[in-house]
Amino acid sequence: MIADLCASLEAALAPEAEHWLTAALRTTAADPGAVHDLFPVVARRCGRAPLGLAPNPAQDVWTTADAARVVLLASLPDAPGLLSRTLTELYRAGGTPERRAVLLALDVLDGPRPDLGAAATTIVQEALRSHDTRLVAAALGPYAARHLDAAAYRHGVLKCVFMGVRPLIAEHRADAELARMLADYAHERIAAGRDVPDDVWPVLARHPAAVAASGLAADAGLPDPARRAPDRHSRLPAPGPAHSGSPERPAGVMAHRTP
């Protein structure tokens, strides 16, 4: 993923912006504390042009500033506690664009950077408590699916649903308790004549018992279309047992990427 971001940046950035980013990567690798001064000015130096990248379909398309910030974070040295501490400090000191970039970086760096681990779950939970849809969408990604505890993940999904943010629900986290919570939510929505987000139904389809216990099946089948979501009753599980051309530039960004 880092290589993809670097390639996209090399294609999108003007030479001056690429030179600045290359220098910033060198500086951060040598002096990790410098990232606190560099991170906030990335958008001004690299712009906010859309890159056409959206690894998580629930999130907005990445911009050059998003990608440059993530690549900058990837250049931090591998030292005990440094990466998670820096991510937390940058998140809490930044505005929404900087905070979103930190959350996006979690999905990219988790795995390639073993020093990250579950240490950044605190800022994920902070983002999920916010009322900013951009932060909530960025928070509930693959990193959250791997590291949040079951209760926190379920409540994150519910937060997305209530805010109208599309939740990218990891299949291995779609358990019976999450299905029960979503079935209760869907029951209330349908009884009020409101639609239910499409992402809810695949979870309910895996847990027929949760649907039956909520009373959702009865409401979804009501003949009055004002009291059910259009065509949604057909998605309910059948009764049965539950189952689980620019100037030439140096290859600076690529040369300083993290594997």
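Each residue takes its place number in the sequence, starting with 1. Remember, it's a predicted structure, so these values are computed and weren't measured experimentally.
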Counting heavy atoms not belonging to H172, are there more than 12 under 6.0 Å from its NE2?
yes

Determine yes or no for a side-chain-to-main-chain donor-acceptor pair under 3.5 angstrom, with Y143 supplying the side chain and L109 the backbone.
no

Inter-residue atom distance R48.CZ - T64.OG1, 0.5 Å rounding:
8.5 Å

E126/R92 ion pair, N-O < 4.0 Å:
yes

Just so I know, are the side chains of P32 and T86 near enough to count as touching, which here means a heavy-atom distance under 4.5 Å?
no

Quick one: does L9's side chain get under 4.5 Å of E18's, heavy atoms only?
no

Do you see a donor-acceptor pair shorter than 3.5 Å between the side chains of H147 and D110?
yes

Verdict with reasoning, T28 to L38, per side chain to side chain contact (heavy atoms under 4.5 Å, CB included)
CA-CA 9 Å; T28 300; L38 296 167; 3.5 Å; yes

Heavy-atom distance under 4.5 Å between the side chains of L13 and C46, does that happen here?
yes

Derivation of the side chain to side chain contact (heavy atoms under 4.5 Å, CB included) call for R45 and L21
CA-CA 8 Å; R45 303 306 297 262; L21 180 57; over 6 Å; no

With rounding to the nearest 0.5 Å, note down the distance linking CG in L216 to CD1 in I190.
4.5 Å

For the atom pair CG (D107) and CG (L168), what is the distance rounded to the nearest 0.5 Å?
9.5 Å

Heavy-atom check, side chain of H207 versus side chain of R180, under 4.5 Å
no

Do L25 and W20 have side chains that approach each other closer than 4.5 Å (heavy atoms only, starting at C-beta)?
no

Can you name the closest pair of heavy atoms from A137 and V165 and give their distance?
CB-CG1, 3.6 Å

Please check: side-chain N/O of K159 versus main-chain N/O of S130, any donor-acceptor pairing under 3.5 Å?
yes

Tightest non-hydrogen contact, residues R113 and L76, listed as NH1-O, 2.9 Å

Side chain to side chain contact (heavy atoms under 4.5 Å, CB included) between V161 and D199: does it pass, once the steps are laid out?
CA-CA 9 Å; V161 170; D199 298 275; over 6 Å; no

Which residue pairs satisfy the salt bridge (charged side-chain N to carboxylate O under 4.0 Å, His left out) criterion with at least one member in residues 61-71, sequence neighbours excluded?
D66-R100, R69-E98

Compare every heavy atom of L204 with every heavy atom of A186, then report the nearest pair and how far apart it is.
CB-CD1, 4.4 Å

Is any side-chain heavy atom of V102 closer than 4.5 Å to a side-chain heavy atom of F39?
yes

So do L51 and T63 actually touch side chain to side chain, heavy atoms under 4.5 Å?
no

Hey, does W201 have a side-chain heavy atom less than 4.5 Å from the side chain of L182?
no

NE2/H155 to SG/C160 distance, rounded to the nearest 0.5 angstrom?
13.5 Å

State whether the number of non-hydrogen atoms from other residues, nucleotides or ligands found under 6.0 Å of E16 atom CD is greater than 12.
no

Does Y91 form a side chain to side chain contact (heavy atoms under 4.5 Å, CB included) with L87? I'd like the steps, not just the answer.
CA-CA 6 Å; Y91 181 87; L87 290 170; over 6 Å; no

What are the two closest heavy atoms between A145 and A170, and how far apart are they?
CB-CB, 3.6 Å

Hphob cluster co-occupancy, L82 + V35, side-chain heavy atoms under 4.5 angstrom:
no

Does the side chain of D184 pick up a donor-acceptor pair with the side chain of S214 at under 3.5 Å?
no

To the nearest 0.5 angstrom, please state how far the CD atom of E89 sits from the OG atom of S84.
9.5 Å

Shortest non-hydrogen contact from D175 toward L178
OD1-N, 2.9 Å

R129: which residues meet the side-chain hydrogen bond (donor to acceptor under 3.5 Å, both in side chains) condition with it, sequence neighbours left out?
none

Scanning both residues in full, the closest heavy-atom pair of A174 with I169 reads CB-CG2, 4.2 Å

If you round to the nearest 0.5 Å, how far is CG of L83 from CG of D115?
5.0 Å

